[in-house]
Protein chains: 2
Amino acid sequence: MTMDLVVIYKCMCDRTRLRILHLLSRGPLCVCEIQAILEEPQIKVSKHLAYLRRHGLVRTERDGNNIIYRIAADASDRLDRNLSCLQDCAQEDRIFREDLRRLARIEPLSCRVEPASR
Amino acid sequence: MTMDLVVIYKCMCDRTRLRILHLLSRGPLCVCEIQAILEEPQIKVSKHLAYLRRHGLVRTERDGNNIIYRIAADASDRLDRNLSCLQDCAQEDRIFREDLRRLARIEPLSCRVEPASR
DNA sequence: AAGGTATATACTTGTCAAGGAATATACAAC
DNA sequence: GTTGTATATTCCTTGACAAGTATATACCTT
């Protein structure tokens, strides 16, 4: 499928959404993880996620109490290209690097992972 | 220099600006050429060019009656990366391809070129 | 059923941007 | 100087979006 470039850039032109897209292009995350990484209020994260979903860049799946967001796999080549460009650009940026640092810490606690043992 | 990614995407999230950036990454153009290629009203083109200039993506140079716009050479790696991503994405798109067709036709008549002979 | 947690949806307010109409500026040619 | 051409700026209206407060929904647990 082919996605409108303008829509892609509209989604990318807000810092919060950009951070979310950057994270999600590393792999799916649930809302509470995204919140924890971004350190932004629930409503802010939720609304930007809704924006991304409404425009077809991400899709969701419920897992119990949690909702897991991921990049829409079938979205478009254009999105893929732009997300990989974002990965390149983000390397030099402090904010994105700190997000990745928090992502690494948070992953093991993920609500998506089975309880370790019992 | 390093340019804010959000600013870059804000500049790219309007179709008219995107077409302008796509054209300018092929080389400098004067306003009247851009207008002729985009087939959009003067004021619209002019205002989007002003937006791009205000945000540092392009710079201008006067040549007699004409004003020549070009991508700000020293802008940033990020801009370069995104513009080359745009070139890739634009290949599949009818609008951008038609712009290039008109660009090819218009170039010989360019106001930047010396009068052929006399 | 009741209470808790995770997430989303109104509703409001302020800001910014887009488009158009009219006008202004800068230069060129005479 | 006057006129013409190219380009920019001002003013206006309209619509989109960002952020916050409060409230609702969906699921889980007991």
Side-chain angles (χ1 to χ4, degrees), chain A residues 4 6-21 23-24 28-55 57-70 106 109-115 118, chain B residues 4 6-21 23-24 28-55 57-70 106 109-115 118:
Chain A
D4 187 353
V6 172
V7 171
I8 294 177
Y9 293 125
K10 272 194 198 299
C11 286
M12 298 179 83
C13 77
D14 173 274
R15 194 171 316 277
T16 304
R17 287 196 296 267
L18 205 49
R19 291 170 72 193
I20 293 174
L21 288 170
L23 289 172
L24 290 183
L29 291 169
C30 81
V31 179
C32 60
E33 292 172 311
I34 297 174
Q35 266 173 231
I37 295 171
L38 299 190
E39 298 177 330
E40 295 280 1
Q42 185 260 328
I43 186 182
K44 186 168 173 181
V45 172
S46 178
K47 287 213 289 197
H48 284 297
L49 285 170
Y51 186 105
L52 292 174
R53 182 156 42 101
R54 185 161 15 110
H55 290 88
L57 275 71
V58 303
R59 55 192 190 71
T60 60
E61 172 193 344
R62 182 178 274 277
D63 175 27
N65 248 345
N66 307 303
I67 302 213
I68 300 173
Y69 276 77
R70 69 186 73 229
I106 270 171
L109 305 175
S110 168
C111 51
R112 286 170 300 105
V113 173
E114 313 299 308
R118 35 120 117 254
Chain B
D4 187 353
V6 173
V7 171
I8 294 177
Y9 292 125
K10 272 194 196 302
C11 286
M12 296 179 84
C13 77
D14 172 273
R15 194 170 317 276
T16 304
R17 287 197 294 268
L18 205 50
R19 292 170 72 194
I20 292 173
L21 288 170
L23 288 172
L24 289 183
L29 289 170
C30 80
V31 179
C32 60
E33 293 173 311
I34 298 174
Q35 266 173 232
I37 295 171
L38 299 189
E39 297 178 330
E40 296 279 1
Q42 186 260 326
I43 185 179
K44 186 168 174 182
V45 172
S46 178
K47 287 213 286 199
H48 285 296
L49 285 169
Y51 186 105
L52 293 174
R53 182 155 43 101
R54 185 164 11 111
H55 290 88
L57 275 72
V58 303
R59 54 190 192 72
T60 59
E61 172 193 343
R62 181 178 273 278
D63 175 25
N65 247 348
N66 306 303
I67 302 211
I68 299 173
Y69 277 77
R70 69 188 71 229
I106 270 170
L109 305 175
S110 166
C111 52
R112 288 169 300 102
V113 173
E114 312 300 309
R118 32 118 120 256

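In what follows, chains carry the letters A, B, and so on, assigned in the order in which the sequence lines appear, proteins first and then strands, with residues in each chain numbered from 1. Values below: all heavy atoms of this structure, side chains included; hydrogens, waters and symmetry mates excluded. All of these numbers come straight from a predicted model, not from anything done at the bench.
A:Glu40 has its side chain within reach of A:Arg19: a pair of non-hydrogen atoms, C-beta onward, lies under 4.5 Å apart. In this structure, B:Leu49 and B:Ile34 have side chains that are in contact, with non-hydrogen atoms separated by less than 4.5 Å. Between A:Asn66 and A:Val31, the closest side-chain pair of non-hydrogen atoms is not below 4.5 Å. At a threshold of 4.5 Å between non-hydrogen side-chain atoms, the residues A:Gln35 and A:Lys44 do not count as touching.
Residues A:Arg15 and B:Asp4 are paired through a salt bridge, judged by an N-O separation under 4.0 Å between the basic side chain and the carboxylate.
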Between the protein and nucleotides 8-17 of chain C, which nitrogen or oxygen pairs come in under 3.5 angstrom?
from: C:dA8; atom 1: OP1; to: A:Tyr69; atom 2: OH; distance (Å): 2.5
from: C:dA8; atom 1: OP2; to: A:Ser46; atom 2: OG; distance (Å): 3.2
from: C:dA8; atom 1: N7; to: A:Gln42; atom 2: NE2; distance (Å): 2.8
from: C:dA8; atom 1: N6; to: A:Gln42; atom 2: OE1; distance (Å): 3.4

Please write out each protein N/O paired with an N/O of nucleotides 26-30 of chain C under 3.5 Å, distance rounded to 0.1 Å.
from: C:dC27; atom 1: O2; to: B:Asn65; atom 2: OD1; distance (Å): 3.1

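Minimum heavy-atom separation, A:Ile106 to A:Ala36: CD1-CB, 3.5 Å. Closest heavy-atom contact between B:Ile68 and B:Pro28: CG2-CB, 3.8 Å.
For the pair B:Arg17 and B:Tyr51, the cation-pi test (distance below 6.0 Å, angle within 45°) is passed.
One can place CD of B:Glu40 at 13 Å from C1' of C:dG20, the figure rounded to the nearest angstrom. Regarding B:Leu52, its CG atom lies at a distance of 16 Å from the P atom of D:dT7, rounded to whole Å. To the nearest angstrom, C1' of C:dT7 lies 14 Å from CD of A:Glu33. Going from atom CG of B:Leu38 over to atom P of D:dT7 covers 13 Å, rounded to whole Å. The distance from atom CD of B:Glu61 to atom P of D:dA8 is 13 Å, rounded to the nearest whole Å. Atom CG in B:Leu18 sits roughly 16 Å away from atom C1' in C:dA18 (whole-Å rounding).
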